[in-house]
2 protein chains.
Amino acid sequence: MRLFHARGYDAVGVAELGAELGIKPPSFYAAFGSKAGLFERTLRRYAAGEANVFARALAAGGDVATVIGRTLALAAELYPGQGGTAGCLVLDGARNSADPEAQALADAAKREGRAAVRDFIATEAPDRADALADLVVVAMMGMSAAARDGADRERLERVAAMMDRAFRRELAGA
Amino acid sequence: MRLFHARGYDAVGVAELGAELGIKPPSFYAAFGSKAGLFERTLRRYAAGEANVFARALAAGGDVATVIGRTLALAAELYPGQGGTAGCLVLDGARNSADPEAQALADAAKREGRAAVRDFIATEAPDRADALADLVVVAMMGMSAAARDGADRERLERVAAMMDRAFRRELAGA
DNA sequence: GATTTTTTATAGTGGTCGCTACAAAAAAAT
DNA sequence: ATTTTTTTGTAGCGACCACTATAAAAAATC
């Protein structure tokens, strides 16, 4: 997970993944089937853990504006990463990958995440849920990209606060 | 440029680039020195053309809010791309690249673009120029990523309009 | 027209990719 | 303890990578 997160799907080789896990290629393929197989499990574990900032924000309760604001704040806190694991693995892990399978897996994970955000927003603003979800997703993707380009936590939190205000305004306004 | 834009730096091979240009590898290296050498020229041409949405928005005149709003609108119009060239080549062309030279070239281009936006914003809001520039850059990066993930022009324009309102609010507000 | 210079294509450099055949070693079962 | 099964390491599969030595063709010069 750390390797995929830090360098992206294509830039990490099976031999290196095996070395990190303490196994050799044949054992790797016996365990995961393929490189994409491990990536799938990696995405699943990533999305099931603390990296799912929306799920964490949702669990803490509150109305839509509160939860989305918390989601953005948690992303700003998480995305600087450590040891090179900046940004979001789901959003950027397969970016520019030449492997269609890896792209499809990341795409599915992104759709899942966006759908959760959209459906939650729809509980308060059903007719504008899609547009508002796009705002949130674009904000997250932008923050993830900025983090991957070296933005630190302070800058991300500043952006997250502005995005939060933007979301509240759009949710409340016409 | 089209190939780098559509698939990212690493996913395009020198042989394929040569085939597109109608030349073979030796001529390719005689002309550009290296794959990164062509990428540098590609970035330069890209940033000097209509893809530099901020330069185009600036040339059309107006105050900071107007120019930034126009920048975002032009990005929403440009980023869906055609023939697979979605998003921004500078922002995403070397994303997850394993080549340090390509990363450095894209990074330099990004810094240049951000500096232009920041300096322009500073003409009206010198003390908040950095934060506001981050807002714009994150919005652009998010829109570029969304476009690469398949977002069409309508959705990008909707997001751009919201980002524009967010920027105006932050520029005017406390 | 002959000679020199430049440009080009052919072919191949070593290296890495995801992945696997095969056989040795370890574990389990009899 | 012997046999069977599973797991593992060694080695290598073909394919592709960025890049280049060499030599033939084309262009330019004389």
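We name chains A, B, ... by the order of the sequence lines, and we start the count at 1 in each one. Note that the structure is predicted; figures quoted are calculated from it, not measured.
- Qualifying side chain to side chain donor-acceptor pair (under 3.5 Å) partners for A:D134, counting only residues two or more places apart in sequence or in other chains: A:R114, B:R155, B:R158.
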If you look only at distance, which donor and acceptor atoms sit under 3.5 Å apart when one is on a side chain in residues 62-78 of chain A and the other is two or more places apart or in another chain?
{"residue": "A:D63", "atom": "OD1", "partner": "A:T66", "partner atom": "N", "Å": "2.9"}
{"residue": "A:D63", "atom": "OD1", "partner": "A:T66", "partner atom": "OG1", "Å": "2.5"}
{"residue": "A:R70", "atom": "NH1", "partner": "A:A57", "partner atom": "O", "Å": "2.7"}
{"residue": "A:R70", "atom": "NH1", "partner": "A:G61", "partner atom": "O", "Å": "2.8"}
{"residue": "A:R70", "atom": "NH2", "partner": "A:G61", "partner atom": "O", "Å": "3.2"}
{"residue": "A:T71", "atom": "OG1", "partner": "A:V67", "partner atom": "O", "Å": "2.8"}

N/O donor-acceptor pairs under 3.5 Å from side chains in residues 11-18 of chain A, not counting sequence neighbours:
{"residue": "A:E16", "atom": "OE1", "partner": "A:R7", "partner atom": "NH2", "Å": "2.5"}
{"residue": "A:E16", "atom": "OE2", "partner": "A:R7", "partner atom": "NH1", "Å": "3.2"}
{"residue": "A:E16", "atom": "OE2", "partner": "A:R7", "partner atom": "NH2", "Å": "2.9"}

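- A:N52 contributes a side-chain N or O that, together with a main-chain N or O of A:A47, makes up a donor-acceptor pair within less than 3.5 Å.
- A:Y29 is linked by a ring-ring contact (aromatic ring centres under 6.0 Å, His included) to nothing, counting only residues two or more places apart in sequence or in another chain.
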Distance-only criterion, 3.5 Å: show the donor-acceptor pairs between side-chain atoms of residues 138-151 of chain A and protein atoms not counting sequence neighbours.
{"residue": "A:S144", "atom": "OG", "partner": "A:C88", "partner atom": "N", "Å": "2.8"}
{"residue": "A:S144", "atom": "OG", "partner": "A:D92", "partner atom": "OD2", "Å": "2.6"}
{"residue": "A:R148", "atom": "NE", "partner": "A:A86", "partner atom": "O", "Å": "3.2"}
{"residue": "A:R148", "atom": "NH1", "partner": "B:N96", "partner atom": "OD1", "Å": "2.5"}
{"residue": "A:R148", "atom": "NH2", "partner": "A:H5", "partner atom": "O", "Å": "2.1"}
{"residue": "A:D149", "atom": "OD1", "partner": "B:R95", "partner atom": "NH1", "Å": "2.8"}
{"residue": "A:D149", "atom": "OD1", "partner": "B:K110", "partner atom": "NZ", "Å": "3.1"}
{"residue": "A:D149", "atom": "OD2", "partner": "B:K110", "partner atom": "NZ", "Å": "3.0"}

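- Contacts of A:R111 classified as side chain to side chain donor-acceptor pair (under 3.5 Å), with partners at least two apart in sequence or in another chain: A:D107.
- A nucleotide of DNA chain D counts as in contact with chain B when one of its atoms lies under 4.0 Å from a heavy atom; the first and last such, 5' to 3', are D:dA18 to D:dA21.
- In this structure, C:dC19 and D:dG12 make a Watson-Crick or G-U wobble pair, each of the two defining distances being under 3.5 angstrom.
- Among residues two or more places apart in sequence or in another chain, the ring-ring contact (aromatic ring centres under 6.0 Å, His included) test is passed with A:F39 by A:F4, A:Y9.
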Expected string for nucleotides 19-24 of chain C under the B/S/- scheme (protein heavy atoms, under 4.0 Å, primed atoms plus P, OP1, OP2 as sugar-phosphate) is BBB---
